[in-house]
Amino acid sequence: MDDGSTDGSTDGIRALAEKDKTVRPVIFARNFGHQVAITAGWDYACGDAVVIIDADLQDPPEVILELANKWKEG
């Protein structure tokens with residue numbers, strides 16, 4: 001997800017998508033806000049689950065696998 005950044009994120013996301021076909025870039029023309037970005041991600045995602053995590057690392061990425069395992073357990 002790139003929400004109109006000017007730091008080269010768009011190029012990086014597109015390059016990653018070229019290498020990994022499971023990556024589906026969502027590129028906004030400008031920043032529309034946190035909630036719109038999350039909604040767009042949900043709308044564009046495919047699969048059985050979606051994990052939302054902020055880039056500020058308030059929630060540690062290490063817990064994603066633990067969360068997924070708990071979800072699979074029911």
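This structure is a prediction, so every number in the text was calculated from the model and none was measured.
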TODO: Determine whether more than 12 heavy atoms belonging to other residues, nucleotides or ligands lie under 6.0 Å from atom CG of Asn69.
DONE: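 Counting neighbours around CG of Asn69, more than 12 heavy atoms of other residues, nucleotides or ligands fall under 6.0 Å, so yes.
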Open item on the list: When you measure from the centre of the six-membered ring of Phe32, is the NZ or CZ of Arg30 closer than 6.0 Å and no more than 45° off the axis?
Closed with: yes
Tell me if a side-chain donor or acceptor on [X] pairs with a main-chain N or O of [Y] at a distance below 3.5 Å.
| X | Y | value |
| --- | --- | --- |
| Thr39 | Gln35 | yes |
| Arg14 | Pro25 | no |
| Asp2 | Gly4 | yes |

Open item on the list: For residues Val36 and Tyr44: do they belong to one hydrophobic cluster (side chain heavy atoms under 4.5 Å, members Ile, Leu, Val, Met, Phe, Trp, Tyr)?
Closed with: yes
Open item on the list: Please evaluate residues Ile13 and Thr10 with respect to the criterion side-chain contact (heavy atoms from CB on, under 4.5 Å), reporting the C-alpha separation (whole Å), side-chain torsions for both, the decisive distance (0.1 Å), and the verdict.
Closed with: CA-CA 5 Å; Ile13 293 167; Thr10 300; 5.8 Å; no
Open item on the list: Quick one, Val50 and Ile52 - any side-chain contact, counting heavy atoms below 4.5 Å?
Closed with: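 Yes. Closest side-chain heavy atoms under 4.5 Å.
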Open item on the list: Could you check whether any side-chain heavy atom of Asp54 comes within less than 4.5 Å of a side-chain heavy atom of Asp59, counting everything from C-beta outward?
Closed with: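 With C-beta onward as the side chain, the pair stays apart.
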TODO: Nearest 0.5 Å please: distance from the CD1 atom of Ile53 over to the CD1 atom of Ile64.
DONE: 4.0 Å
Task: From CG (Leu16) to NZ (Lys21), nearest 0.5 Å - done: 10.5 Å
Task: Heavy-atom closest contact (Phe28 atom, Ala37 atom, distance) - done: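 Of all heavy-atom pairs spanning Phe28 and Ala37, the closest is CE1-CA, 3.9 Å.
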